[in-house]
*Asks:* 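Got a structure here, written out as structure tokens. Questions coming.
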Amino acid sequence: MPTIDPTAFSAALLAWYDIHHRDLPWRISPRQRAAGARPDPYRVWLSEIMLQQTTVAAVKAYYTKFLARWPSVSDLAAAPEGAVLAEWAGLGYYARARNLHACAKAVEAEYGGRFPETAATLKALPGIGDYTSAAIATIAFDEPAAVVDGNIERVVTRLHAIETPLPRAKPLIKAEIAALTPKERPGDFAQAMMDLGATICTPTRPACAICPVRPFCTATRTAEAERYPVKAKKAAVPERRGAAFVARRPDGAVFLRKRPGTGMLGGMSEPPTTNWSARADGALGASAAPFPSDWRRVGEIEHGFTHFRLTLEVWSAAVGDELAIEGWWSKPQDIAAEALPTVMRKVLKAAEIGSSEAERPSAVPQRRGRRLHGAE
DNA sequence: TAGTCGTGGTA
DNA sequence: TTACCAAGACT
């Protein structure tokens, strides 16, 4: 593996970044940074948590909403967890939201509302791991920590044509980044590497012809950049099946309950569902309902999760006000603000319950697939 | 260490 | 349609 001169590499990368950096809501410009400004650690942290395994495009609207509602870490710490989960609904990986709130409370309680300034101390906080601790310390506090995310893994494996598959190659990549990260402008260096990965050194069809660090890159010489990073094969995703039960009151309210605080969709809201069986065959039927009623099957929905695909039968019933199980009634105008994950909004939609103004049903409800499934 | 944990966009 | 993936953390 040929050695890269860190000084020359940084100079080329940062010169490119000064011109071609992305303008993002949680950033300050290289020009402001050069003038001595530093970004608000709260904003850096908030954005980094949201960006975990999530695209910039998806994050922007959530980031703006969170910042408007909770302008500081103290504001966020004072919020009820349910409000944070409801605001997070739709962004996925809900443990992030629970840890976000726990972290805000820890920063408030242990550090008086000011984020600690080193990667090592940041990493001890909930939801902040290897990558995020290094990113915050480097971007907000100028610590030259080794920042390694998916973009940077891709860039480095191409620079050195690393054949070792991920995640085994991770220690090697981190060592190389530690060697390349400059003492001056480490925050810009990290963000420049990520911007390079996001805009030039892309997973498919990388733009090697206009890459500022092409002279340092091994993979591009053999026109094989796209082959890296080598990754271990993934197992096929299994199928699971379950049923969801949408109870409706005469005034249109829907019965919801809260899922257990940990695990899949932990702490989020849902219409009552069965457990999601590993069995993908057979129908469950109204006998699986949380309480007896005149359940009618109104359709089914499919949803892909990271490690399995789920099919949910959707059952609906018109019921009275009193149910013997724990939960609450949510009126039509309140549903949009509930902490409903996307899969559960699909369920409500299948039961012809508008989950937002945008989905307000027309006078004649559109029924998709409804005719196919009569009552039992 | 390998499995768990969402979602929407894209080839 | 399917498969993969996007600024990972936690157990």
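A, B, ... follow the sequence lines: proteins, then strands. Residue 1 opens every chain. Computed over heavy atoms, backbone and side chain alike; hydrogens, waters and symmetry mates excluded. The model shown is predicted, which means the values in this text are computed figures rather than measured ones.
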*Asks:* So A:V59, base contact, sugar-phosphate only, or nothing? Heavy-atom distance under 4.0 Å.
*Replies:* nothing

*Asks:* Can you spot which of A:R257, A:R345, A:K346 makes a salt bridge (Lys or Arg N to Asp or Glu O under 4.0 Å) with A:E270?
*Replies:* A:R257

*Asks:* Does the side chain of A:Q191 pick up a donor-acceptor pair with the side chain of A:H21 at under 3.5 Å?
*Replies:* no

*Asks:* Near DNA chain B, under 4.0 Å by heavy atom, which residues of residues 64-79 of chain A?
*Replies:* none

*Asks:* Would you call A:R154 and A:D149 a salt bridge, using N to O less than 4.0 angstrom?
*Replies:* no

*Asks:* At a heavy-atom distance below 4.0 Å, what parts of residues 128-139 of chain A sit against DNA chain C?
*Replies:* A:I128, A:G129, A:D130, A:Y131, A:T132

*Asks:* Tell me whether A:K231 is salt-bridged to A:E153, with the criterion being a basic N under 4.0 Å from an acidic carboxylate O.
*Replies:* no

*Asks:* Where do A:I49 and A:W88 come nearest, in terms of heavy atoms and distance?
*Replies:* CG2-CH2, 4.0 Å

*Asks:* Before accepting this row, confirm whether a basic side-chain N of the pair A:K331/A:D251 lies closer than 4.0 Å to the acidic partner's carboxylate O.
*Replies:* no

*Asks:* Can you pull the contact range of chain A along DNA chain B, 5' to 3', using atoms under 4.0 angstrom from its heavy atoms?
*Replies:* B:dT4 to B:dG8

*Asks:* Is A:K170 close enough to C:dG8 that one of its side-chain N or O atoms is under 4.0 Å from OP1 or OP2 there?
*Replies:* no

*Asks:* Do the side-chain N or O atoms of A:Q53 get closer than 4.0 angstrom to the phosphate oxygens (OP1, OP2) of C:dG8?
*Replies:* yes

*Asks:* At 4.0 Å (heavy atoms only), tell me whether A:I49 reaches a base, stays on the sugar-phosphate, or touches nothing.
*Replies:* nothing

*Asks:* Identify, between A:T55 and A:T204, the residue whose nearest nucleotide on DNA chain B lies closer to the 5' end.
*Replies:* A:T55

